Asks: 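Attaching a single structure in structure tokens format; questions to follow.
Computed from a prediction, not measured in an experiment: that's the story for all the values here. Proteins come first, then strands; the chains are lettered A, B, ... in the order of their sequence lines, and each starts at number 1.
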Number of protein chains: 2
Amino acid sequence: MKFEPVSPVHAYQRIVEQIEHAVLAGELTPGQRLPSERDLMSQFEVSRSTVREALRVLQSSEVIRSRPGDPRGPEVLSASPAALHRSMHRLARAGQLGFGELLQFRMLLEGSAYLLAARLRTDEQLAEMTSALDEMGALAAAREPDYLAFSHADVAFHDAVARATGNPLIVVCGEVVRDVVLELIKDKLQHAPDRRAVMRTSLEHHGEVLEAVRAGDGERASRLARRALYDYYAGYLPEDQRTPLLPLLDSPPP
Amino acid sequence: MKFEPVSPVHAYQRIVEQIEHAVLAGELTPGQRLPSERDLMSQFEVSRSTVREALRVLQSSEVIRSRPGDPRGPEVLSASPAALHRSMHRLARAGQLGFGELLQFRMLLEGSAYLLAARLRTDEQLAEMTSALDEMGALAAAREPDYLAFSHADVAFHDAVARATGNPLIVVCGEVVRDVVLELIKDKLQHAPDRRAVMRTSLEHHGEVLEAVRAGDGERASRLARRALYDYYAGYLPEDQRTPLLPLLDSPPP
DNA sequence: CCTAGGCTACTGGTCCGACCAGCATACTGG
DNA sequence: CCAGTATGCTGGTCGGACCAGTAGCCTAGG
């Protein structure tokens with residue numbers, strides 16, 4: 001006979017599980033309202049404090065949202081990457097995720113994204129990328145370059161590529177990794193010596209990649225994008241931490 | 001003059017922020033203890049309910065852990081990918097992620113993982129993969145094949161590969177995607193007609209891939225792995241949903 | 001002297017009852 | 001018919017209470 005260790009399951013946890021399960025199973029769809037806390041406390045047969053602690057947990061995971069005074073009750077939210085973003089951000093700040101690992105992941109992700117986007121993109125999605133690139137061009141050529149706006153247009157470009165893959169998982173992970181990468185080096189970017197030159201080379205790289213995507217040459221787009229990411233960001237990395245990135249560069253394989 | 005919209009900041013949120021900041025800033029290191037709830041309520045000058053709701057949020061993000069009756073108070077935890085895992089799992093289950101998208105992402109992720117692992121793996125990590133594969137072989141050859149155990153050994157193999165990349169992000173994402181993929185088709189796997197044959201071909205594919213990793217041929221390992229994933233799982237997918245997977249097959253890996 | 005045992009003072013989990021400010025709706029007066 | 005108030009709910013916070021559980025002391029027995 002074998003026994004397994006047990007851990008006490010608290011009342012509020014059971015409530016979280018039940019509500020979470022209902023949401024995941026689709027019994028509660030985004031936009032729907034939960035019963036009020038006072039209703040829930042009689043449904044679950046617990047005190048209001050317990051209900052509230054459960055709702056707090058669900059709120060912190062972006063599953064529901066409560067507004068004081070709203071007679072319709074807590075709202076069920078649609079799944080959002082916000083929680084994912086927060087956890088990843090925390091890991092990055094706690095030092096569990098270094099800049100090197102994030103950059104490596106981004107190269108991997110975007111590399112594949114271009115591969116897919118070049119083959120699967122619609123004309124409309126191609127137009128989105130083009131307009132984002134035009135925006136970048138306009139900003140880089142402006143008399144007084146707005147680096148922040150340029151960065152936003154850059155994000156829009158990469159986002160359009162990710163959407164062109166048709167895979168929401170790629171979109172979300174791309175968003176998150178880009179955000180965290182940018183956050184880790186944003187102060188260094190602020191004091192870059194020649195931001196205008198940076199913008200110009202960035203623009204040039206994006207143009208080449210877009211051309212490859214337009215031509216349907218996913219492999220070329222992917223290779224160019226990975227190389228561009230490396231050239232753009234590897235400088236912020238100690239030399240001995242660049243090795244893990246190399247296998248993602250020189251492999252124009254089969 | 002420009003004004004920005006404001007949203008009320010609740011008391012428990014301020015507490016979460018303060019404690020979270022202290023942890024992120026390193027003022028509270030893993031293993032340290034927080035003051036008891038009754039102490040905190042006097043430090044923050046709020047009621048115990050408010051303190052408790054704040055602590056609940058921190059618990060649900062795996063920042064701290066409380067045990068009833070422990071006079072030393074809540075414990076500060078070290079950053080772990082558990083929260084990341086949960087958010088991604090939720091997103092995968094709730095976000096309209098189809099099997100096709102998950103499979104695509106897994107092919108992308110593992111394809112790159114092999115590419116990296118083949119170059120970066122240590123001998124020790126190679127030994128882990130080998131032993132996992134041996135385990136699979138033993139289970140497949142057993143008189144009465146234990147499909148569940150085989151599946152576990154398979155997971156161990158892929159996990160070893162992911163760890164060999166040295167990138168925790170790849171490890172976590174790999175875990176999650178594998179979990180969700182398996183969850184989506186586990187009932188279909190249960191009723192597979194000839195599980196023994198499935199095990200044998202799976203074993204064979206893994207063997208080839210491992211051989212490529214051992215030889216340091218990441219490109220070959222990646223290609224084989226993506227092909228194997230496709231052959232193994234694409235059957236569960238309607239034909240018209242397989243198109244998005246193809247660019248990951250006949251193209252060189254990123 | 002040392003150790004096994006209970007003892008105690010605290011912990012977190014749950015409950016109750018209360019008050020407040022905020023919101024949507026119904027109702028009211030014009 | 002509409003503006004504006006009145007109402008009955010909401011969630012946020014408070015204070016007090018009780019309980020089961022734990023760590024560490026403290027004592028009784030060797």
Side-chain angles (χ1 to χ4, degrees), chain A residues 3-20 22-23 28 30-77 82, chain B residues 3-20 22-23 28 30-77 82:
Chain A
F3 295 105
E4 298 209 341
V6 297
S7 67
V9 177
H10 300 286
Y12 79 94
Q13 282 183 336
R14 312 278 301 262
I15 300 182
V16 169
E17 284 166 17
Q18 284 196 47
I19 298 183
E20 198 164 39
V23 172
L28 286 170
Q32 273 191 17
R33 302 305 185 121
L34 249 45
S36 76
E37 296 179 357
R38 289 167 176 87
D39 281 352
L40 288 174
M41 77 184 247
S42 65
Q43 286 193 37
F44 287 113
E45 293 184 335
V46 296
S47 78
R48 193 164 156 228
S49 329
T50 305
V51 169
R52 284 180 60 70
E53 294 189 14
L55 293 186
R56 273 283 171 264
V57 172
L58 292 170
Q59 274 180 261
S60 79
S61 322
E62 310 273 335
V63 178
I64 63 168
R65 175 180 50 186
S66 296
R67 269 189 329 155
D70 190 337
R72 294 169 299 183
E75 180 184 3
V76 177
L77 298 177
Chain B
F3 294 106
E4 298 208 342
V6 296
S7 67
V9 178
H10 300 291
Y12 79 94
Q13 282 184 337
R14 312 279 300 263
I15 300 182
V16 169
E17 284 165 18
Q18 285 197 45
I19 297 183
E20 198 164 36
V23 171
L28 286 171
Q32 273 191 19
R33 302 303 186 124
L34 249 46
S36 76
E37 296 180 358
R38 289 165 177 88
D39 281 352
L40 288 174
M41 77 184 246
S42 65
Q43 285 193 38
F44 287 113
E45 294 183 336
V46 296
S47 77
R48 190 162 157 229
S49 330
T50 306
V51 169
R52 284 181 59 72
E53 294 188 14
L55 294 186
R56 273 283 169 266
V57 172
L58 292 170
Q59 274 179 264
S60 79
S61 323
E62 310 271 337
V63 178
I64 63 169
R65 176 179 50 185
S66 294
R67 268 189 333 153
D70 190 336
R72 295 169 299 181
E75 181 184 2
V76 177
L77 298 177

Asks: What distance do A:Arg52 atom CZ and A:Gln59 atom CD have between them, rounded to the nearest 0.5 Å?
Replies: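 Reported to 0.5 Å precision, the distance equals 8.0 Å.
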Asks: Find the distance between CD (B:Glu20) and CD1 (B:Ile64) and round it off to the nearest 0.5 Å.
Replies: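 The CD1 atom of B:Ile64 is 10.5 Å from CD of B:Glu20, to the nearest 0.5 Å.
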Asks: Think B:Ser36 has a side-chain N or O under 4.0 angstrom from the OP1 or OP2 of C:dT11?
Replies: yes
Asks: Can you name the one residue among B:Leu34, B:Leu77, B:Val76 that meets side-chain contact (heavy atoms from CB on, under 4.5 Å) with B:Val23?
Replies: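 It is B:Val76, the one option of B:Leu34, B:Leu77, B:Val76 that forms the side-chain contact (heavy atoms from CB on, under 4.5 Å) with B:Val23.
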Asks: Rounded to the Å, how far apart are B:Glu75 CD and C:dT11 C1'?
Replies: 15 Å
Asks: Below 4.0 angstrom from OP1 or OP2 of C:dT14, is there any side-chain N or O of B:Arg48?
Replies: no
Asks: When the distance from CG of B:Asp39 to P of C:dA9 is rounded to whole Å, what number comes out?
Replies: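 Rounding to the nearest Å, CG of B:Asp39 and P of C:dA9 are 17 Å apart.
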Asks: Minimum heavy-atom separation for B:Pro35 to B:Pro74, with atom names?
Replies: O-CD, 3.6 Å
Asks: With the side chain of B:Ser66 defined as its heavy atoms from C-beta on, choose the nearest nucleotide among C:dG12, C:dC23, C:dC15.
Replies: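 Ranking C:dG12, C:dC23, C:dC15 by closest atom to the B:Ser66 side chain puts C:dG12 first.
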Asks: Let me spell it out: for each of B:Leu34 and A:Asp70, pick the nucleotide of DNA chain C with the closest heavy atom. Which residue's pick is nearer the 5' end?
Replies: B:Leu34
Asks: With the side chain of A:Arg67 defined as its heavy atoms from C-beta on, choose the nearest nucleotide among C:dT14, C:dC23, C:dC15.
Replies: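 Nearest listed nucleotide: C:dC23.
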Asks: How many Å lie between NE2 on B:His10 and P on C:dG22, as a whole number?
Replies: 11 Å
Asks: Can you give me the first and the last nucleotide of DNA chain D (5' to 3') that has an atom within less than 4.0 angstrom of a non-hydrogen atom in chain A?
Replies: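 From 5' to 3', the first and last contacting nucleotides are D:dT10 to D:dT13.
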Asks: Testing the basics here: between A:Ile19 and A:Phe44, what is the closest heavy-atom pair and its distance to 0.1 Å?
Replies: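 So the two residues come closest at CG1-CZ, 4.3 Å.
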Asks: What is the nucleic acid contact for A:Pro74, judged by heavy atoms within less than 4.0 Å: base, sugar-phosphate only, or nothing?
Replies: sugar-phosphate
Asks: By nearest atom, which of the nucleotides C:dA24, C:dG12, C:dC15 is closest to the A:Ser47 side chain?
Replies: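 The closest nucleotide is C:dC15.
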Asks: If you assign each of B:Gly69 and A:Gly69 to its closest nucleotide in DNA chain D, which residue comes earlier from the 5' end?
Replies: A:Gly69
Asks: At under 4.0 Å between heavy atoms, what does B:Arg56 touch on the DNA or RNA strands: base, sugar-phosphate, or nothing?
Replies: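 Contact class for B:Arg56: sugar-phosphate only.
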Asks: Relative to the 5' end of DNA chain C, which residue comes earlier, A:Arg72 or B:Pro35, by the nucleotide with the nearest heavy atom?
Replies: B:Pro35
Asks: List the atom of B:Arg48, the atom of B:Met41, and the distance in Å for their closest heavy-atom pair.
Replies: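 That would be CB-SD, 3.7 Å.
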Asks: Is any side-chain nitrogen or oxygen of B:Arg38 closer than 4.0 Å to OP1 or OP2 of C:dC10?
Replies: no
Asks: How far does CD of B:Glu53 sit from CG of A:Leu55, to the nearest 0.5 angstrom?
Replies: 9.0 Å
Asks: Would you indicate, yes or no, if C:dC15 has its OP1 or OP2 atom less than 4.0 angstrom from a side-chain nitrogen or oxygen of A:Thr50?
Replies: yes
Asks: Which whole-number value in Å describes the distance from A:Arg65 CZ to C:dG22 C1'?
Replies: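 Going from A:Arg65 (CZ) to C:dG22 (C1'), I get 16 Å.
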Asks: From CZ of B:Arg33 over to P of C:dC10, roughly how many Å is that when rounded to an integer?
Replies: 18 Å
